[in-house]
Amino acid sequence: MVIHHKILKGMVIPLGILVIWQIIAMHVNNSFILPGWNEILPFLLTPLAPLFGGPSLLENSLVSLERVLAGFLLAILIAIPLGLLCGWSDEVYTYINPFVQMIRPVPPIAWMPLAIAWFSIGFGSILFIIFIGSFFPVLISTLDGVRAIRVLWLDVAQTLGATPLEKFTTVIAPAAFPFIWTGLRVAFGIAWMCVVAAEMLPGTSSGLGYLIMYAYNLGQIQVIVAGMVVIGIIGILFDYLFRAGQSRLFTWQGKE
Amino acid sequence: MTGILPSDILRLTALSKSFLDGFHVCQALADVSFSVQKNEIVCLMGPSGCGKSTVLRIIAGLEAADSGTVQSGDCLNASCVHAAMIFQEHGLFPWLTVYDNIAYGLRLRVRSGKEGEIKETVTGLLALMHLEAFTGSLPHQLSGGMKQRVAIARALAIQPLILLMDEPFSGLDLFTRQELEDEILRIRNNYHTTFLFVTHNPEEAVYLADRIIVLSERPAVAREIIPVPFPHPRDTRDPGFIGIVRQITGRIRLKEEDVHQD
Ligand SMILES: Nc1ncnc2c1ncn2[C@@H]1O[C@H](COP(=O)(O)OP(=O)(O)OP(=O)(O)O)[C@@H](O)[C@H]1O
Ligand SMILES: [Mg+2]
């Protein structure tokens, strides 16, 4: 019951905004400035219909999602082993950490011109941006995870006969896993923002970001808003999945 | 130096150990020698910070001595002493169930396909430590006493030659503590386990130990070895019992006062 009430309370403001939006839209009566929901909803309700003679809303969403997953997986494959290695060996950490701290504050999208120069417009450069955007959160959370491991656990493992490699696989990795998971969640959110931004740049020809810019050029504000709603929904969906996984996988976290 | 007696399961000879603390060398152990016999409970006591944990960590192979030897059977250094250690904090792996925590050491040794044997051992230990109802629980669902029971079962699982315990019950309430002290005595009788037990509590030491070794203040030397001649179960109100508690309390306090004077 309590949860029910919370959800209801959380819906008050979004619904209020929708109502106010609709009232203002009816007053303004100009869909180039503020389209009404009666104009936006049809696009959301027919996600399979071709848009502007091209791919549908759903197809564009899948293209963006595909790019995000590719860049995200690539980042995970490199960042997690590297993070574990850094946490395991102080030597590696000392070499890598200053470099990481220097690169980290650069917003991923600022890499775009270089990305285009290196990988040309399209899949390659977008992949690179997503990679940069998700790599650092995963690396840093993995580092945090490995550094938060209690020496006591390692001592226990050693007295019970674990070799250094076994300490790594049976203590360091499982102890760092919840931290890594949090990093994945943050990284996915960033990657999702990166893909839309990268697709908005000239030269791309598919994806949600592209769709929004294309609709802008055609003055189709309804489609822009529909695209934004889809971006939001997908973002919330994945964040929910990560959080559901977290509460299921790591019931022990923070309760030792 | 006397040779190793047949009944000695562990013999420490002239252990010394210093730590480098920044630029400052801190000598923890000066000359620690004593032996532990099979099926014995030996308590190690001494003023705070005198090096009791360091002695156990050297035996467990977690720390290397600067000089001196740790002998056990044919084994002439700590790396081959088959010891298990229980720490003041339980040190259970919070992501493993009670069952998997107990099986941890066995799975490291018995590589694969022996899950049946492991199950037999773990089930036996769960029964021994009265943990059957918690087989699938995670450590955070257990009380402090239960956690320490799991830690003991996990250590016993690898069938150590000697069980090293570093103030294992000092974080527990009095009742749980007494319960676990009786468990130690029961395990010793039924499984012929050998214990080297560090405690700050003289009553606990006199209740459990066959012999009590009192270390001096840092750098530690083990000079006094006090035998406790009473049969188990011991009566904590017995005048002889109280006499030994007083004797030990006096020894440790005296040493601490020496330290404060200089
Ligand atoms: N890793 C270390 N680095 C530096 N100094 C250490 C280290 N471990 C122990 N020492 C020092 O060695 C001395 C003995 O420590 P130890 O923990 O063995 O004492 P203890 O008798 O177990 O103390 P307590 O009664 O508080 O448990 C202390 O002065 C401690 O500060
Ligand atoms: Mg200690």
Side-chain angles (χ1 to χ4, degrees), chain A residues 80 83-84 87-91 94 138 141-185 242-256, chain B residues 53 56-63 78-98 100-111 136-142 144 147-148 150-166 168:
Chain A
I80 293 180
L84 290 174
W88 193 29
S89 146
D90 282 336
E91 190 78 356
T94 318
V138 178
S141 59
T142 309
L143 280 177
D144 288 347
V146 183
R147 307 228 137 219
I149 287 165
R150 302 191 49 196
V151 178
L152 176 62
W153 293 334
L154 295 171
D155 284 349
V156 167
Q158 185 171 334
T159 57
L160 293 172
T163 62
L165 181 68
E166 284 168 334
K167 278 198 245 177
F168 185 77
T169 54
T170 62
V171 180
I172 296 178
F177 195 29
F179 289 83
I180 297 175
W181 189 264
T182 310
L184 294 184
R185 188 178 143 207
F242 275 113
R243 265 190 295 164
Q246 188 157 22
S247 54
R248 189 160 294 202
L249 287 169
F250 314 121
T251 44
W252 59 270
Q253 210 196 350
K255 296 180 194 155
E256 303 119 41
Chain B
S53 298
L56 294 201
R57 292 176 63 83
I58 289 172
I59 301 169
L62 294 172
E63 215 87 68
S79 64
C80 59
V81 178
H82 189 43
M85 186 151 168
I86 310 267
F87 300 82
Q88 182 173 0
E89 284 177 89
H90 54 84
L92 298 179
F93 301 122
W95 55 88
L96 295 181
T97 61
V98 167
D100 291 332
N101 262 291
I102 298 175
Y104 179 87
L106 294 171
R107 291 194 174 130
L108 294 175
R109 268 146 238 262
V110 188
R111 297 295 148 175
S137 306
L138 287 171
H140 71 82
Q141 297 166 316
L142 307 182
K147 285 178 192 160
Q148 212 49 298
V150 179
I152 294 170
R154 177 172 68 175
L156 288 173
I158 63 167
Q159 297 190 301
L161 195 65
I162 183 165
L163 203 53
L164 309 169
M165 304 185 91
D166 194 356

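Labels below follow one simple rule: chain letters A, B, ... track the order of the sequence lines, proteins then strands, and each chain is numbered from 1.
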*State the CE-CG distance between B/Met85 and A/Asp155, to the nearest 0.5 angstrom.*
7.5 Å
*Could you give the distance from OG1 (A/Thr170) to CG (B/Asp100), rounded to the nearest 0.5 Å?*
12.0 Å
*Could you pull out all residues at least two apart from A/Asp144 that satisfy side chain to side chain donor-acceptor pair (under 3.5 Å)?*
none
*Tell me, do B/Arg154 and A/Val156 make a side-chain contact under 4.5 Å, heavy atoms counted?*
yes
*Sequence neighbours left out, what passes side-chain contact (heavy atoms from CB on, under 4.5 Å) with B/Leu161? Give chain and number order.*
B/Ile9, B/Ser72, B/His82
*salt bridge (Lys or Arg N to Asp or Glu O under 4.0 Å) pairs, two or more places apart, involving residues 86-98 of chain B*: A/Arg150-B/Glu89
*Between CG of B/Leu106 and CG of A/Leu160, what distance do you get to the nearest 0.5 Å?*
9.0 Å
*For A/Ala162 and B/Tyr104, which heavy atoms make the closest approach, and how far apart are they?*
CB-OH, 3.9 Å
*A/Leu152 versus B/Gly91, closest heavy-atom pair with distance*: CD2-CA, 3.6 Å
*Once you round to the nearest 0.5 Å, how far does OG1 of A/Thr159 lie from CG of B/Leu164?*
8.5 Å
_Distance in Å, B/Trp95 CH2 paired with A/Trp153 CH2, rounded so as to fall on 0.5 Å steps_ = 5.0 Å
_Taking 4.5 Å as the heavy-atom cut-off, does anything in residues 175-185 of chain A contact chain B, and if so which residues?_
A/Ala175
